[in-house]
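Each chain gets a letter, A, B and so on, in the order the sequences are listed, and its residues count up from 1.
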Amino acid sequence: MSKPSIPKGTRDFGPEEVIKRNYIFDTIRSVFTKYAYQPIETPTMENLSTLTGKYGEEGDKLLFKVLNNGDFLSKANAEALAEKNSAKLVSSISKRGLRYDLTVPFARFVVMHQNDISFPFKRYQIQRVWRADRPQKGRYQEFYQCDVDVVGSNSLMYEAELTQIYDEVFAALKIPVEIKLNNRKILAGIADVAGISDQFVDMTVAIDKLDKVGMDGVKNELSKREIPAAAIAKIEEILQTTALADLKAKLSASEVGIKGVEELEQVFDYLSSSDLSNEVQFDVTLARGLNYYTGCIFEVKAKNVQMGSIGGGGRYDDLTGIFGLKNVSGVGVSFGAERIYDVMEELQLFPATAADSLKLLFIAFDAEAHAYAFRCLGKVRQAGITADLYPEPTKLKKQMKYANDRRAPYVVLIGGNEMESGLLTFKNMESGEQTSVDLESIIAQLS
RNA sequence: GUGGGUAUAGCUCAGUUGGUUAGAGCGCUGGAUUGUGGUUCCAGAGGUCGCCGGUUCAAAUCCGGUUAUUCACCCCA
């Protein structure tokens, strides 16, 4: 007999974990709702054509494809099959794939329902996504994303609003964080000033690693990507800048760079009067790998913990363009629920929840008492108390052990004496004390 | 896609230069206690040593392959 298992990169969640995870999702959801974002859900599967080509060449490889139903092989591309060319074969045997993120399905959703949507459209979405990546610590093939986006407005008010959302969620979860802001236009300005506009992407990929490899590592990466030494020196100089005002002077030669600085200034202006619990700061070294971002970019890091970012996002000017709807700007951020969970576990921030899973367990000595206990159980539940009855009047030891394992704080024991007198044996599992009281006073005590 | 680690009881893991009947802790079952759990004591059940092959008188142990899993890199949340 082989042991059962689950696919690589997937996980089971026990009751305790689900309760904790729901605590995170509920907190996030309640903040989203307060800021007037609306929930949507999209299918687990999308048409493969919706997904392919949206995440780069690398991303296409990481898409989970769903095999067509029926006799899919008879319809397969014979040539590709003979060549054993998987990439070429895929389109003829798979027309669907699993969701890779929530942003692309959202763009598809907006385009499909554009006539039913009032813009600006503010939506949030908390669903699972799948990636056929090699799993490693904190990275899975199946995981949740919590996205909140607004499309159909260029207003920088939303950058400020999303910053407030980040601040409020992490304050509610009691995780001290650092919220970092930057603007892709500033990065474009840097490339401009350094004279390497055509190597902009290479530059951002290198800068993005600053946290991990340090300034020397970035310089190394830059020269490996064939960026001239003079440009590297210029980039290094600008990356030392911490104040937005200083940066403006250094980027004066670049129109787009100035624009980026001004945008950020306006965002900070919006935020100036708001009461934030966490540090929000400009960080010129923040780059973010994703290339569809065109304006402000966000990243959140937990303080006092060794952990990558637990949230990120940015503005994208033409998200829906690939699906045929031009000139719709969007801005959104994402919460890394799995990492937030790990951080909260490490900092022991989860509230005690075990008690509500079972408050009172009835234990019966014989069949007659069991029927009696079942009637009591109904009354207790009617009073809104989370209660249960052990399913058979078996040995006390076994029933008590179950109460203990479930961490029930109270137990009611019912046998002949109790049925005769109407006074039930009510036991406090923590102190071990027990008293003889009627059902009504038990209900009164636990309500 | 690239590179490394690991695989022994339900779980976490020991297991000597290759040598009788492969161990521990936890968990499980029973008992001490026929109306009392969490503590304690006693007893018991539970293993194709991932799989296939090779070396050897002899393999959990050495070698090759294979599968699973895990960590790191690329990339990403």
> Taking the six-membered ring for Trp, does A/Phe143 stack with B/A77 (centroid gap under 5.5 Å, planes within less than 30°)?
yes

> Is there a Watson-Crick or G-U wobble partner for B/C62 with both distances under 3.5 Å, and if so, which one is it?
B/G54

> Could you check whether any side-chain N or O of A/Thr320 sits under 3.5 Å from a backbone N or O of A/Val111, counting only pairs where one atom can act as donor and the other as acceptor?
no

> Pair A/Glu338, A/Arg11 - check salt bridge (Lys or Arg N to Asp or Glu O under 4.0 Å), show working.
CA-CA 12 Å; A/Glu338 320 285 345; A/Arg11 294 158 296 165; 3.0 Å; yes

> Determine the Euclidean distance between corresponding P atoms of B/U66 and B/G3; express it in Å to zero decimal places.
13 Å

> Let's see if you can work this out: which of B/G35, B/C71, B/A77 has an atom nearest to the side-chain heavy atoms of A/Leu396?
B/G35

> Given B/U36, B/G37, B/C74, which nucleotide is nearest the side-chain atoms of A/Gln434?
B/U36

> Whom does B/U6 pair with, Watson-Crick or G-U wobble, provided both distances fall under 3.5 Å?
B/A68

> Is there a donor N/O on one and an acceptor N/O on the other, under 3.5 Å, for the side chain of A/Arg134 and the base of B/U2?
yes

> Starting from the 5' end of RNA chain B, give me the residue, A/Arg339 or A/Thr10, whose nearest nucleotide shows up first.
A/Thr10

> Can you find an N or O donor on one side and an acceptor on the other, under 3.5 Å apart, linking the side chain of A/Asn404 with the base of B/G38?
no

> Could you please name the partner base of B/A77, counting Watson-Crick and G-U wobble pairs only when both distances are under 3.5 Å?
none

> Could you tell me whether A/Asp133 contacts a base, only the sugar-phosphate backbone, or nothing, with contacts defined as non-hydrogen atoms closer than 4.0 Å?
base

> Students often get this wrong, so: under 4.0 angstrom with heavy atoms, is A/Glu430 touching a base, only sugar-phosphate, or nothing?
base

> For A/Ser49, does its backbone N or O pair with a side-chain atom of A/Asn47 as donor and acceptor, under 3.5 Å?
no

> Write down the distance between CG (A/Leu63) and C1' (B/C75), rounded to a whole number of angstrom.
14 Å

> Just list the side-chain donor-acceptor pairs under 3.5 Å for residues 372-383 of chain A, sequence neighbours left out, or say none.
{"residue": "A/Arg381", "atom": "NE", "partner": "A/Ala387", "partner atom": "O", "Å": "3.1"}
{"residue": "A/Arg381", "atom": "NH2", "partner": "A/Ala387", "partner atom": "O", "Å": "3.1"}
{"residue": "A/Arg381", "atom": "NH2", "partner": "A/Asp388", "partner atom": "OD1", "Å": "3.3"}

> Could you tell me which nucleotide pairs with B/G44 by Watson-Crick or G-U wobble geometry, both distances under 3.5 Å, or answer none if nothing does?
B/C28

> Would you kindly give the CG-to-P distance between A/Asp208 and B/C73, to the nearest whole Å?
14 Å

> Using a 4.0 Å heavy-atom cut-off across all strands, classify A/Glu57 as base, sugar-phosphate, or nothing.
nothing

> Without decimals, in angstroms, what is the distance between A/Glu420 CD and B/G35 C1'?
15 Å

> Nearest-Å distance, OH (A/Tyr390) to P (B/G37)?
14 Å

> So A/Thr425, base contact, sugar-phosphate only, or nothing? Heavy-atom distance under 4.0 Å.
base

> Could you state the atom-to-atom distance from CZ of A/Phe365 to P of B/G35 in whole Å?
7 Å

> Name the pairing partner of B/C13, where a pair is Watson-Crick or G-U wobble with both distances under 3.5 Å, or state none.
B/G23

> By the 4.0 Å heavy-atom rule, please label A/Gly432 as base, sugar-phosphate, or nothing.
base

> Roughly how many Å is it from NZ in A/Lys427 to P in B/G35, rounded to a whole number?
15 Å

> Would you measure the distance from the P atom in B/A9 across to the matching atom in B/C42 and give it in whole Å?
26 Å

> So, A/Phe282 versus A/Phe268, ring centres under 6.0 angstrom or not?
no

> Taking the P atom in each of B/A59 and B/A14, what is the distance between them to the nearest angstrom?
24 Å

> Among B/A77, B/A32, B/C75, which nucleotide sits nearest the side chain of A/Lys209?
B/C75

> Per the atom types in the model, does the base of B/U70 pair as donor or acceptor with the side chain of A/Gln136 at under 3.5 Å?
no

> Counting only side-chain nitrogens and oxygens, does A/Lys401 get under 4.0 Å of the OP1 or OP2 atom of B/C28?
yes

> Answer with yes or no after comparing the ring centroid distance for A/Phe335 and A/Tyr166 against a 6.0 Å cut-off, counting only values under it.
yes

> Describe the nucleic acid contact of A/Tyr140 in one word from base, sugar-phosphate, nothing, applying a heavy-atom distance below 4.0 Å.
base

> At 4.0 Å (heavy atoms only), tell me whether A/Leu413 reaches a base, stays on the sugar-phosphate, or touches nothing.
base

> Would you mind writing out the side-chain donor-acceptor pairs for residues 143-150 of chain A within the sub-3.5 Å range, not counting sequence neighbours?
{"residue": "A/Tyr144", "atom": "OH", "partner": "A/Arg128", "partner atom": "NE", "Å": "3.4"}
{"residue": "A/Gln145", "atom": "OE1", "partner": "A/Leu102", "partner atom": "N", "Å": "3.3"}
{"residue": "A/Asp147", "atom": "OD1", "partner": "A/Ser334", "partner atom": "OG", "Å": "2.9"}
{"residue": "A/Asp147", "atom": "OD2", "partner": "A/Thr103", "partner atom": "OG1", "Å": "3.4"}
{"residue": "A/Asp149", "atom": "OD1", "partner": "A/Arg123", "partner atom": "NH1", "Å": "2.8"}
{"residue": "A/Asp149", "atom": "OD2", "partner": "A/Tyr316", "partner atom": "OH", "Å": "2.2"}

> Write down the distance separating the P atoms in B/C75 and B/U16, rounded off to the nearest Å.
42 Å

> I need the CG-P distance between A/Leu98 and B/A77, as an integer number of Å.
18 Å

> Considering every strand and a 4.0 Å limit on heavy-atom distances, what is the contact class for A/Gly59: base, sugar-phosphate, or nothing?
nothing

> If I pick the C1' atom on B/C28 and the same atom on B/G46, what distance separates them, to the nearest angstrom?
9 Å

> Figure out the CG/P separation between A/Asp12 and B/G10, and round it to whole Å.
18 Å

> On a whole-Å scale, what distance lies between the P atoms belonging to B/U33 and B/A22?
36 Å

> Would you indicate, yes or no, if B/G30 has its OP1 or OP2 atom less than 4.0 angstrom from a side-chain nitrogen or oxygen of A/Lys398?
no

> Say you pick atom C1' in B/U40 and the same atom in B/G19; how far apart are they, in whole Å?
41 Å

> Would you measure the distance from the C1' atom in B/G65 across to the matching atom in B/U29 and give it in whole Å?
42 Å

> Do you know which two heavy atoms are closest between A/Pro135 and A/Gln141, and how far apart they sit?
CD-NE2, 4.2 Å

> Indicate, with a heavy-atom threshold strictly under 4.0 Å, whether A/Asp405 touches base, sugar-phosphate, or nothing.
nothing

> Would you say A/Lys395 places a side-chain N or O within less than 4.0 Å of OP1 or OP2 belonging to B/G31?
yes

> With no angle test and no hydrogens, is the base of B/C75 tied to the side chain of A/Arg139 by a donor-acceptor pair under 3.5 Å?
yes

> Toward the 5' end of RNA chain B, which comes first, A/Glu58 or A/Lys61, by nearest nucleotide?
A/Lys61

> Given B/C75, B/G35, B/G37, which nucleotide is nearest the side-chain atoms of A/Glu418?
B/G35

> I need the single residue from A/Val218, A/Asp208, A/Leu222 that forms a side-chain contact (heavy atoms from CB on, under 4.5 Å) with A/Met203. Which is it?
A/Leu222

